Amino acid sequence: MRNLSGNLLDISYLDTLAAGDSPLHRLDPRAKLIVTIAFIIAVVSFDRYTISALMPFGLYPVVLISAGRIPAMYLLKKIFLVAPFAVMVGIFNPLIDTTVLYHIGPWGFSGGWVSLVSILLRFCLTVAAALALLALTGFNAVCESLLTLGMPRPFVVQLSFFYRYMFVLGEEAGRVARARSLRSFDGRAMGLTEFGSFSGHLLLRTLDRAERIYRAMCCRGFDGHVPALRRMRKGVYTDVFFVLGWLVLFFIFRYYDPAGKLGAFMTGVWR
Amino acid sequence: MSHHIVQALDIHYTYPDGTVGLAGVSFSISHGESVALVGENGAGKSTLLQHLNGCLLPESGSVRIGDSFLNPKNLASVRRAVGMVFQNPDDQLFMPTVFDDVAFGLLNLGFTEDDARRRVAEALETVGAGHLAGRPPYKLSIGEKRAVAIATVWAMSPDILVMDEPSASLDPRSRSRLIALLQTFKHTKIIATHDLDMAAQLCERTIVLHQGKVTADGQTVDVFRNEELLHLSSLEKPLGMQNCPVCTTAALLKSPRSHHPHGH
């Protein structure tokens, strides 16, 4: 549990990175958001046995990370932190889908293994791109861009409240867990009854806090509408260039399979 | 709202779980007064403060702010007049950045964007938090959070400033800065606190609450001299009005020496 609050603080490091300065930081948040969404759609749209055609897509996160001077190790750690979810999604594929698709030397690879690798690859690509987007833009700017791109305001407000109080709740949970571990000497994990009262308390505190926050909002004239200052500037050439350039590249990666062509070309040359 | 009078007339309030919050509280505070609200934990201070801008409505009795009695219909105008700083700044800072948070109330009041920006900048400068404008609130220290929470209310230039434990968990320097800042606020101030030294510095008048009732209401100096009254409310004389323990100890340490002037 101590790790929970530690990891949350670690996520807020993305905001620290977003305060940095590089040509990518200076781009309009909307441009980065649009390209990243297009990237994610392109990556997940391939069929389930695709591996090689996904490779060129690695270019996008790599460019963001290197040109945006984001510490790659930090990002990798974050990806590994959530990787178990992706593994869970694909872990049974090798058992279910046993048709052999490829042979490398004496080994045959079943469709299940291929699709598992494909899932993991897609997962790494999309999560890396999303984290890089946050590290270059900041959560709030992403929320604002969602708003200007037409996402309904209640959703955006919900999202930004979630982000704001995630840290408060995380710290609270961390403190309670620490207080518990300081008074439990046998080193056992939390039992079910303990966990019940632990989570129940957190829920009650959260409700109380929600009540107080709502009061604080009412005191300052809240009427169901969260006002926001517009600070989005107009898009400039570089933004448009960034969006169009990547969209064209993704289109080529998606429909012309440069990796496959290159492979065919190379094997053709050697034959 | 010409006179900024705050008047409580026999307010009773019981919480849904049966806890008695207020059991008949009455007082009248006139414009420009600075009043400390003191009392033991659970005496009803926070409950009373929440009545002053309609966060809670009394079961019986009434609250008068300026010319009108508080009711659900005039809540908006009352809340505009009464600025409330909550005990926990995390409850008060809910927007993504400090700047947005201070602007929240102003935009709700219908200020134009330019005016709002100007006033936000001024309010943040006033509390010494100008450099924090772009930061997200969860990254601030408690002292910074408190300063920003005050700015959110300060920016709306309320006629009456109501604060719940403003000096709690502040380091000594932030505390003195807070006191200096509050001294510049010339309108009505109502401050609930356990920090009796601060109360003595800021407020000429003190109301003591005990078990939901007013047990004393008068000049701060007189109230704080009444040790019996303070004891009843689990309070102690402010350090500033006690004999300084350091000086007393130093005097005790010195005294044996004075008997042996020719010692080592």
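Chain letters run A, B, ... following the sequence lines, proteins first and then strands; every chain starts at 1. Just so you know, these numbers come straight off a predicted model, no measurement behind them.
For the residue pair B:Q92/A:R212, the side-chain donor-acceptor check at 3.5 Å is not satisfied. For B:Y138 and A:D15, the side-chain atoms include at least one donor-acceptor pair closer than 3.5 Å.
At distances below 3.5 Å, at least one donor-acceptor pair connects side-chain atoms of A:R164 with backbone N or O atoms of B:L93.
Residue contact with chain A, scored on non-hydrogen atoms closer than 4.5 Å, involves the side chain of B:F86 exclusively. Looking at B:Q50, the atoms closer than 4.5 Å to chain A (heavy atoms on both sides) all sit in the side chain, from C-beta outward.
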One pair to check against side chain to side chain contact (heavy atoms under 4.5 Å, CB included): A:R215 and B:L56. What are the steps and the verdict?
CA-CA 10 Å; A:R215 274 188 195 151; B:L56 297 176; 3.5 Å; yes

Steps toward salt bridge (Lys or Arg N to Asp or Glu O under 4.0 Å) verdict (B:D101, A:R220)
CA-CA 10 Å; B:D101 221 305; A:R220 287 193 278 146; 3.0 Å; yes

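Contacts with chain A were tallied for B:P136, B:P137, B:A76; B:P137 has the most, counting heavy-atom pairs under 4.5 Å.
Within a 6.0 Å sphere centred on CD of A:Q158, other residues, nucleotides and ligands contribute 12 heavy atoms or fewer. Remark: B:Y15 OH is packed, more than 12 non-hydrogen atoms of other residues, nucleotides or ligands lying under 6.0 Å away. Surrounding NE2 of B:H131 are more than 12 heavy atoms belonging to other residues, nucleotides or ligands, all under 6.0 Å away.
In this structure, the side chains of B:P96 and A:F139 stay at 4.5 Å or more apart for every pair of heavy atoms. A 4.5 Å side-chain heavy-atom check between A:T16 and B:K139 finds at least one atom pair inside the cut-off. B:D90 places none of its side-chain heavy atoms less than 4.5 Å from the side chain of A:E171.
To the nearest 0.5 Å, atoms SG (A:C218) and CG (B:N108) are separated by 10.0 Å. Note: A:C219 SG to B:D91 CG = 11.5 Å, rounded to the nearest 0.5 Å.
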